[in-house]
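These notes are about the structure you will find just below.
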Amino acid sequence: MKYWIETYGCQMNKAESDALELELIGSGWKEAGIPENASIVIINTCSVRKTAEDRIWGRIGYFKKIKKDNPEQKLIITGCMAERLGDKLKEKKSPVDEVFGTFDKDKIADFIGKKNIIKSYENGIYKFKKNHSGKDAFKSFIPIMNGCNNFCSYCIVPYVRGREISRDPADIYKELDSLEKYNTKEITLLGQNVNSYTYIENGRLIDFPDLISEISSRVKSIEWIRFLTSHPKDLSHKLIETIASSENICRHIHLPIQSGSDNILSLMNRRYNTKDYLKLVENIKNMIPGVSITTDIITGFPGESEDDFKMTCEMMEKVRFSDAFTYYYNPRVGTEAFNYPNEIEMEVKLDRLSRIIELQKKISLELRKNKLGQTVKVLAEDYSKNSKNELLGRTESDEMIVFAGKHDKIGKFNNVKIISLKGNTFIGELIE
Ligand code: SF4
């Protein structure tokens, strides 16, 4: 029996798909290689942005065509979009056979013929699963939390993933130990807001800095520890000190700002203002020399005036993010902002989006130019898009770099001299 899994959205979804894949392999299933050959297709979906859902609808249409030739193929939709839309995904001659929302994922077990599946939820409580099949395990993702309590007014996550729950540290350490055999080089600790990690053990409170500090001293072969994502209101001084004093926690922080206008931040229910954010950035930069800060920005939130937008541009210039993931606002049914007045016209949203993309390109380029001539440590991840004689890797600051090299360098650290830039990607030369 052969399976095909497609995953959309965040790294958390990818980690959960890996866990599911482990269950399938453990039940004797094999990867189909191409979707046409699969007897079961599972799409693990994302609902955060409309564009993600549109892509998934496109894939459902694609599988409808495949099912004409292979009517026995079962199509299962799971994840956040399944949670949000439920059986609507099965309506109107849909090829979808089953829909399992975030809280019902374990029901997939019936389809894969496994009765003793490790439960994702027990008594309504999320259970974390080991998710490493060994494939590309040089770079592994470890969920440490699930859910979110923040209710940013534009975000569907708290509704489709539920409230925050922090994973037992002993379970996290066990998973870390299991990575030793894969020669893992980099781990990323995952959660919707890792900074609010809280676990009480024998009456002692363990917070995120305690956890990452313990992980940092435990792992021997893992040289890079990353974490995603940080809410600015919860990133503590203690965490900055922990990063500064550790050798294996990457000097890179992803710190979503979303807007540079206090008015819009308040409408977004982000619970920080630009003054707080700038103070935090100042502390981070002072205490962690060479740190790179990346961010997320939304343009065209309801009520965003041209002045609000310009404040976002000013914040970008002040902070000088090394990269930014930029989006235009998309109303999501079920969120508070869905009912907000003063929606911004699509033309304006897109215009503002293209302006911040251009601004970020300029800032990224200026920051990267300062690094020309430096030799940096690079984790080679794959071949480059263009050639099997070129590798694509990432620096500690999470910048992309392409350099000439062979397959044996993939999954390993390499010293690479930065020679030039193509767009915002470094072109480097391997130092043997
Ligand atoms: S912190 Fe806000 S944006 Fe992030 S997952 Fe929670 S509600 Fe969504």
Side-chain angles (χ1 to χ4, degrees), residues 7-16 44-53 79-84 101-103 126 128 141-167 188-198 207-208 226-236 239 253-274 276-277 280-281 293-302 304 312 315 321 324-340:
T7 308
Y8 295 84
C10 60
Q11 292 297 352
M12 186 69 99
N13 258 11
K14 292 193 179 98
E16 287 173 354
N44 191 2
T45 59
C46 172
S47 213
V48 169
R49 272 172 263 287
K50 184 173 172 295
T51 39
E53 287 198 355
C80 295
M81 185 176 168
E83 183 64 35
R84 192 176 86 75
T102 333
F103 304 96
Y126 184 86
F128 294 87
F141 295 90
I142 305 197
I144 62 160
M145 297 185 73
N146 182 58
C148 186
N149 294 348
N150 284 311
F151 292 91
C152 300
S153 63
Y154 53 85
C155 181
I156 195 81
V157 167
Y159 306 96
V160 290
R161 278 199 174 264
R163 298 299 89 76
E164 268 174 15
I165 173 157
S166 297
R167 187 177 185 183
T188 304
L189 307 176
L190 293 177
Q192 270 75 32
N193 177 20
V194 289
N195 297 301
S196 57
Y197 178 93
T198 311
D207 62 13
F208 184 57
R226 300 185 187 276
F227 54 91
L228 276 176
T229 285
S230 289
H231 195 301
K233 77 173 166 53
D234 296 316
L235 197 148
S236 65
L239 179 62
I253 297 178
H254 187 68
L255 195 63
I257 184 168
Q258 307 299 11
S259 171
S261 153
D262 288 340
N263 175 37
I264 297 299
L265 286 173
S266 162
L267 287 170
M268 287 176 164
N269 193 29
R270 290 291 287 174
R271 288 182 277 167
Y272 55 83
N273 58 32
T274 48
D276 302 332
Y277 190 94
L280 179 62
V281 166
I293 300 176
T294 53
T295 200
D296 295 340
I297 301 174
I298 299 171
T299 64
F301 191 76
E304 184 191 68
T312 299
M315 278 297 274
F321 298 108
F325 296 90
T326 51
Y327 314 92
Y328 65 82
Y329 171 72
N330 237 311
R332 311 303 293 133
V333 181
T335 61
E336 199 190 320
F338 186 76
N339 299 315
Y340 279 7

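Order of appearance sets the numbers: ligands from 1, and atoms from 1 within every ligand. Computed from a predicted model, the values in this text were never measured in an experiment.
Around atom 2 (Fe) of ligand 1, the protein N, O or S atoms found under 2.8 Å comprise C152 SG.
Every residue two or more places apart in sequence or in another chain that forms a side-chain hydrogen bond (donor to acceptor under 3.5 Å, both in side chains) with Y8 is listed here: E6. The salt bridge (charged side-chain N to carboxylate O under 4.0 Å, His left out) check on K233 picks up nothing, with sequence neighbours excluded. With sequence neighbours left out, R84 forms a side-chain hydrogen bond (donor to acceptor under 3.5 Å, both in side chains) with S47, E53.
Atom OG1 in T312 sits 7.0 Å away from atom CD1 in I297 (nearest 0.5 Å).
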- [ ] Check the pair Y154, Q258 against side chain to side chain donor-acceptor pair (under 3.5 Å), reporting the backbone distance first and the verdict last.
- [x] CA-CA 11 Å; Y154 53 85; Q258 307 299 11; 3.2 Å; yes

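Nearest protein heavy-atom contact of atom 3 (S) of ligand 1 is Y154 OH, 3.6 Å.
Using cut-offs of 30° and 60° for the angle between ring planes, the F227 and F208 rings count as perpendicular.
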